[in-house]
Protein chains: 2
Amino acid sequence: MNLCKGRSYMDQVNLKKLAKELNLAVSTVSRALRDSHEISSQTKERVRELALKLGFQPNPHASSLRQNKSKTIAVIIPEIENNFFSQVINGIESITPNKGYHVLIYLSHEDYNKERDILQLLGNGRVDGVMISFSNSTTNYEHVEAWQKAGIPLVFFDRTCDELDVPNVMTNDAEMAFKATEHLLKRGCKNIAFLGMAGSLSITNRRKVGYLQALEKFKVTNPPQIVELTSKDYSNREILRQLFEGPSRPDGIFAAIEKFAVNTYEVCKEMDLHIPQDVKVISFSNLQAAALFDPPLSTIIQPAYDIGREAASILFKLIEKKMLLPYEKKMILPSQLIERNSTAITG
Amino acid sequence: MNLCKGRSYMDQVNLKKLAKELNLAVSTVSRALRDSHEISSQTKERVRELALKLGFQPNPHASSLRQNKSKTIAVIIPEIENNFFSQVINGIESITPNKGYHVLIYLSHEDYNKERDILQLLGNGRVDGVMISFSNSTTNYEHVEAWQKAGIPLVFFDRTCDELDVPNVMTNDAEMAFKATEHLLKRGCKNIAFLGMAGSLSITNRRKVGYLQALEKFKVTNPPQIVELTSKDYSNREILRQLFEGPSRPDGIFAAIEKFAVNTYEVCKEMDLHIPQDVKVISFSNLQAAALFDPPLSTIIQPAYDIGREAASILFKLIEKKMLLPYEKKMILPSQLIERNSTAITG
DNA sequence: AAATTCTTTGCAAACGATTTCGAAAAATGT
DNA sequence: ACATTTTTCGAAATCGTTTGCAAAGAATTT
C-alpha cells in the first residue's frame with residue numbers, strides 16, 4: 001500500500017513539483033515556461049533554470065486534453081513496402097519536426113474496411129489532421145464524409161478523390177500517361193497494354209485516360225488492352241503469362257505501378273521474351289535501381305518527396321486555420337519521364 | 001462570448017453527455033463501457049446502445065492522462081527510403097493494431113543529435129515504449145542511458161548495441177558475412193573489398209568480422225580492403241571509382257548495405273567494368289528487384305518483416321510487464337543467401 | 001494625496017475519463 | 001423479522017496542464 005503520494009519514479013517531474021520547489025503557484029510556473037508576458041523576467045529565469053536542471057517536460061496528454069489539440073497528424077497509406085510511399089513519408093517528415101508535430105503511420109493494406117476503421121479510430125481527438133492515400137478497394141467515401149463531420153483537417157495525396165471538397169496533392173498522371181504511351185508509339189509499338197491496379201483508384205483512372213487519349217490521338221488501330229492487376233505478385237505473373245501467350249500479344253507495356261513493371265520483367269525473363277526487342281516497357285516508378293535493370297527500365301518518376309512535403313504544408317495550413325491559396329486546393333506536381341533501354345528502338 | 005457551455009461541435013459526445021441522456025452517473029457509464037462486473041447487464045446494454053448510436057469514442061488524452069499510458073509506441077529509424085526499414089515497419093504494424101496500439105515514426109537521418117533529441121522528446125509519457133535502430137553517427141549511448149532512467153520499455157533492432165542491457169533483435173550478420181565472403185572466394189575472387197557504412201554501426205562491425213574471419217580461414221594472401229561509404233550516393237561513387245582505378249583493384253565486392261551494391265553497379269557501368277567477369281558482387285539487400293538487375297544481384301536477404309514483428313512482440317511483453325524468455329533478450333533471425341549471376345563463375 | 005493604471009502572482013475551475021470509497025437497494029441466510 | 005452479504009450505482013478525487021479571474025503591490029496619473 002502506498003502511504004506517501006509519491007509514485008515509483010520519484011524523479012517524475014511536473015509543474016506541481018517545480019512550483020513547490022520554487023515556492024510559486026503552479027499557474028505561475030506554467031505561464032513562465034510558456035513565456036507569458038504577465039510573468040516577470042526574474043521569475044521566468046528562476047523557473048526556466050530549475051526546469052532545465054530537473055529536465056522538466058510537460059505531460060503531452062494533459063496539454064492535449066486541456067488545449068484540445070494533439071500535436072499529432074496521421075498518415076494513412078495502403079502499403080509501405082513501396083518506394084513511392086516511403087519517399088512521401090520522408091517528405092512529410094521534413095515538415096513535422098519543425099512544427100513540433102508527431103506522425104502516426106497507419107496501413108490500410110489496400111483494404112477498405114481497414115481504412116474505414118482507422119479513420120474512425122482517429123475520430124476523437126487523437127490527431128489534429130490526417131493525410132490519406134486511398135486503398136484500391138475504396139469505392140465509396142462514406143468514411144471520409146463521416147470524418148469530415150468532425151471538422152478535422154484532411155488532405156488527400158496521390159490516390160485522391162475528386163468527389164469531395166478536400167485539398168489534394170498529386171502528379172500530372174494523365175499527361176504523363178499520355179507521354180509514356182506516345183513514347184512507346186514513337187518507338188514503334190503497335191499494340192500497347194496498360195497495366196493498372198484493379199479497383200477504382202483515381203490514379204489508375206487518370207493514367208488510363210492518358211493512355212487512351214494517346215491511342216486515339218495517334219489513331220492506333222489495335223484496340224486498347226487494359227489489364228487489371230493486384231498487389232499479389234503471384235497472381236499478377238499468372239495474368240501476365242496469359243497476356244503474353246494470348247492471341248494479341250502486346251509489343252508494349254505501360255505499367256501504371258512500379259510493381260507491375262517488376263512483374264512484367266519477371267515474366268518476360270521466365271518466358272524468354274526480350275525487352276525491348278519483343279516488348280518494350282515503361283512504368284511509373286520511383287526506384288533508383290531502375291537504371292540497373294536488365295535492360296534499364298524507362299520510368300516516369302513522381303515527385304514523391306515533394307508530394308509529401310506539400311501535402312503536409314497544406315495540412316498544417318488547415319490546422320492553423322489559414323486560408324488556402326487557390327492552387328493549394330488541387331496541387332499538381334509534375335513527374336519526369338526518363339527514357340532508358342527498355343523502350344529503345346531495335347533493329 | 002460563449003454563454004452556453006456547448007462548444008462549436010454540438011455533436012462532441014463524451015461520458016457526461018451519455019450520462020445525462022441516460023440519467024446515470026458518469027462513473028456508471030464509464031464502468032458499463034469497460035464491461036465492469038459491478039454494472040448490471042441491463043444497464044450495460046442501455047449504455048452500449050446509446051454509445052453506439054451516438055458514435056461515442058473515449059477521449060484518448062483523458063484516458064492516457066488518467067491511466068498513465070499512451071497506447072502508442074515509437075519507432076526510430078535512420079532513414080525510411082530503404083526497403084529493409086519499410087519491411088520492418090510492416091512487421092511492426094502486423095502486431096500493433098491487434099494490441100490497440102498506435103505507431104509513431106521518427107527519422108534520425110543518420111544524425112546522432114537528432115536521435116538524441118527524438119528520444120528526449122518522447123520522455124514524458126507520449127509513448128509506452130520505443131523501438132530503435134541506431135544512426136551511423138551514434139558512437140555513444142548516453143541518450144539511451146538517460147532514457148532508461150525513465151524506466152520506459154525499449155528494444156533495439158538491426159543496428160543494435162551490445163553494451164547496454166536492452167533486448168535486441170537482429171540477424172546473423174557475422175555468419176552471413178562469412179558465407180558471402182566464402183561464396184565470393186569459391187567463385188574465384190582473390191581480392192575482395194568490403195563496403196561498410198562509415199561510423200561504428202554494430203551491423204557493419206559484425207559483418208566486417210565475418211568478412212575478416214572468412215579471409216583468414218581461407219588463407220587469402222591479399223590484405224583485406226575495408227571501404228567506408230556513407231548515405232550520400234555522390235561521394236560513394238567517387239570513392240568506388242578511386243577504388244577501381246587504384247593499384248589493387250578488387251575482383252570481388254561484398255556490400256554490407258544494399259545502397260552500396262547499387263552504387264557499385266552504377267560505377268561499374270560507368271567505367272565499363274563487367275559484372276561478374278571483371279568483378280563479382282554480393283550484397284545484403286531486401287530488394288525484390290535484385291533478380292532483375294543486369295546482372296541479377298546475389299543477395300543476402302534479411303528477415304526484415306520478422307525482425308519488426310518479433311521486436312514489436314518483445315516490446316509489448318515489456319510493456320505488459322511479462323518476463324522475457326532467455327532467447328528473447330537477444331533474438332537472432334537468420335538471413336538467406338541467394339546466389340545469382342553477379343557472382344557467377346566466368347570462363 | 002487620492003485615484004487610476006500596470007505588473008505580477010495566486011486561486012480555482014476547467015479538460016474527460018478512471019477509480020476509490022461509500023451508500024443505498026436487493027438478495028440471501030438465520 | 002432481522003442480520004448479513006451481494007449487487008448496483010453515485011459523489012468526488014485524480015491525472016498534469018492551462019486559463020479566467022481576483023487580488024495585492026508597485027507605478028503612474030490626476
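A, B, ... follow the sequence lines: proteins, then strands. Residue 1 opens every chain. Side chains included, hydrogens not; waters and symmetry mates left out as well; all remaining heavy atoms used.
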Colleague: Looking at D117(B) and K114(B), is there a salt bridge between them, counting it only when a charged N and a carboxylate O are closer than 4.0 Å?
Modeller: no
Colleague: Looking only at side-chain N and O atoms, does S30(A) come under 4.0 Å of OP1 or OP2 in dG16(D)?
Modeller: no
Colleague: Categorize S63(B) for me: base, sugar-phosphate, or nothing, with a 4.0 angstrom heavy-atom threshold over every strand shown.
Modeller: sugar-phosphate
Colleague: Find the distance K16(B):NZ to dT18(C):P and express it as a whole number of Å.
Modeller: 15 Å
Colleague: Just wondering, do I95(B) and I92(B) contact through their side chains at under 4.5 Å, heavy atoms?
Modeller: no
Colleague: So what does R31(A) hit on the nucleic acid, given a heavy-atom distance under 4.0 Å: a base, only sugar-phosphate, or nothing?
Modeller: base
Colleague: Using a heavy-atom cut-off of under 4.0 Å over every strand shown, decide if S64(B) touches base, sugar-phosphate, or nothing.
Modeller: nothing
Colleague: Can we call the ring centroids of F134(A) and Y112(A) under 6.0 Å apart?
Modeller: no
Colleague: Measure from CD1 on I39(B) to P on dT8(D) and round the result to the nearest Å.
Modeller: 8 Å
Colleague: Under 4.0 angstrom, heavy atoms only, what part of the nucleic acid is L15(B) near: base, sugar-phosphate, or nothing?
Modeller: base
Colleague: Under 4.0 Å from OP1 or OP2 of dT9(C): is there any side-chain N or O of T43(A) that close?
Modeller: yes
Colleague: Looking at every strand, decide which applies to N23(A) at a 4.0 Å heavy-atom threshold: base, sugar-phosphate, or nothing.
Modeller: sugar-phosphate
Colleague: Base, sugar-phosphate alone, or nothing: which one does S40(A) contact when heavy atoms must sit under 4.0 Å apart?
Modeller: sugar-phosphate
Colleague: Tell me whether the side-chain N or O atoms of Q67(A) pair up with the base of dC15(C) as donor and acceptor below 3.5 Å, since no angle test is needed here.
Modeller: no
Colleague: Check E21(A) with K16(A), please: is the shortest side-chain N to carboxylate O separation under 4.0 Å?
Modeller: no
